[in-house]
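Everything below concerns the one structure shown next.
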Protein chains: 2
Amino acid sequence: MKHKVAVVDDHTLLLEAIGGLVSDFENFEVVCLCKNGQEFLNKLKIPSNIPDVVLMDINMPLLDGIETTAILKEQFPKVKVVALSVEENEKTILKMLRAGAKGYLMKDTKKEILEEALNQVIEKGYYHTNTISKLLIGSLTKDETEVELKEREVAFIKHACTEMTYKEIAEKMFLSPKTIEGYRDSIYEKLHLKNRIGLVLYAIRNGLFEP
Amino acid sequence: MKHKVAVVDDHTLLLEAIGGLVSDFENFEVVCLCKNGQEFLNKLKIPSNIPDVVLMDINMPLLDGIETTAILKEQFPKVKVVALSVEENEKTILKMLRAGAKGYLMKDTKKEILEEALNQVIEKGYYHTNTISKLLIGSLTKDETEVELKEREVAFIKHACTEMTYKEIAEKMFLSPKTIEGYRDSIYEKLHLKNRIGLVLYAIRNGLFEP
DNA sequence: AATCGAATGGGGGTTTTGCCCCTTTTTTCA
DNA sequence: TGAAAAAAGGGGCAAAACCCCCATTCGATT
């Protein structure tokens, strides 16, 4: 019997194209094509839609791949998730793996590798390329002090990614300029930043701000 | 007789998947799958590889879609290019169209639309969605004063997208800090920027700097 | 030869930032 | 309830950024 595969990706063309690719594989059949996590989770209410493996994009509207994977892990722990992404940064990949993804395929994967990955996920429960394995090992040694930012700090950072001065940001946030400077100083220390340019780049690289 | 299609995309999986999709279309056959513009242009030396239509990604290593399209337009003006991209900014789309692309497909295209686009490009010579048409019209009314940046200014901007001070940038570029300030001032005026944050955002949004 | 315009560099000013120190108020929690 | 820890706010200072106007050099134009 063929293993069931679902594909979740907001880019319709890729969704259909990858679906087509998978349906050519001998051991697999496509049971579900969805444009985002929300739609996918809804479809799982019909048992015949429940797949063995999900090929999941990370950046999606409504419900992204990381959240979807986390919810899936709770509600359907047997369903394996293979992340399928087009250039992501290290932190995002790690988040996805922590959320419970059993595999991670990069953009430049051949279809034979995709088939191999699906087979391995079914048989061994996971599939990781060398690149991802190294990243995982690296993440263990790296100081995982997981700097966390407060709600107000994140709001401030978003404002800092504009041409406003701190005084203007203070007005926008109904706070004293001195408080804003306080946010800035503590953020700089936590994140080892030297100036506002560094802060803007941090915000962009970590998805706090979309340029 | 079937029309010949080439697909050029650095993401192997997408390349193969889209190739698979196209080869299912009735009027089309895939003659060429390439990972970048360089490889594609090389393959055209063999006449049987010359396609009627090229589905071309924009962001590629070695030779990107815009340059490839421009070269193709010179050497093989009969070959139609349809850009196929995953989230690009307005300016990039316009550059691609100016380079000679006859169509532009966005990420969320259904395969029926892809087939329709290919057919129309063959028959009418072009295919544009409403979104692109509006963008084209908008680009005509918009003040196309095409602010152009000098070579040195672009180099400076790239350095400005780091935590370096202007003095440090000056050292890196073997120039006086005052010259750097001069670059900055003239750029701010040309682009109507208020401060360095604005410059960084401009650089990112216009592809001068990859965050 | 005179002129123009770039590219480069400078003087001097104000504003904004970055970085110390500190106090008051509010929240949390043992 | 009382201590501790936050959040919010403040003073002051040096560095950096911003914004003027101006000088020199050098190659291209006419």
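Just so it is clear: chains get the letters A, B, ... in the order the sequence lines come, proteins before strands, and each one is counted from 1.
Residue B/Y188 places its OH atom among more than 12 non-hydrogen atoms of other residues, nucleotides or ligands, all under 6.0 Å distant. Heavy-atom neighbours of A/F76 CZ from other residues, nucleotides or ligands within 6.0 Å: above the threshold of 12.
Of the candidates C/dT17, C/dC19, D/dA17, the closest approach to any side-chain atom of A/R196 belongs to C/dT17. Nearest to the side chain of A/K178, among D/dG11, C/dC20, D/dC18, sits D/dG11.
Between A/T179 and D/dA7, a side-chain N or O to OP1/OP2 separation shorter than 4.0 Å is absent. Checking the phosphate oxygens (OP1, OP2) of C/dG18, a side-chain nitrogen or oxygen of A/Y188 falls inside 4.0 Å. Using a 4.0 Å cut-off, no side-chain N or O of B/Y183 falls inside it from OP1 or OP2 of C/dA7. Considering only side-chain N and O atoms, A/R184 lies under 4.0 angstrom from the phosphate OP1 or OP2 of C/dG18.
B/I187 places its CD1 atom 15 Å from the C1' atom of D/dA17, with the value rounded to the nearest Å. Rounded to an integer number of Å, the gap from CG of A/L199 to P of C/dT16 is 19 Å. Atom CD1 in B/I197 sits about 11 Å away from atom C1' in C/dT17, given to the nearest Å. With rounding to whole Å, B/R152 atom CZ is found 14 Å from C/dA6 atom C1'. In this structure, CG of B/D185 is placed 13 Å from C1' of C/dG10, rounded to the nearest angstrom. Atom NZ of B/K194 and atom P of D/dC19 are 9 Å apart (whole Å). Per the geometry, CG belonging to A/L149 stands 16 Å off C1' belonging to D/dA6, to the nearest Å. A/E181 has its CD atom 11 Å from the P atom of D/dG11, to the nearest Å.
Remark: side-chain polar atoms of B/N36 are not paired, donor with acceptor, to backbone N or O of B/L62 under 3.5 angstrom. A donor-acceptor pair under 3.5 Å links the side-chain atoms of A/D52 to the main chain of A/K4, judged by distance alone.
Closest of all the heavy-atom pairs between B/E163 and A/K194 is OE2-N, 2.9 Å.
Put simply, CG on A/L191 and CD1 on A/I157 are 6.5 Å apart, with the number rounded to the nearest 0.5 Å. Distance check, rounded to the nearest 0.5 Å: CD1 of B/I197 to CE of A/M164 gives 11.0 Å.
Residues from residues 158-170 of chain B placing a heavy atom under 4.0 Å of any atom in DNA chain D, listed by number, are B/T165, B/Y166.
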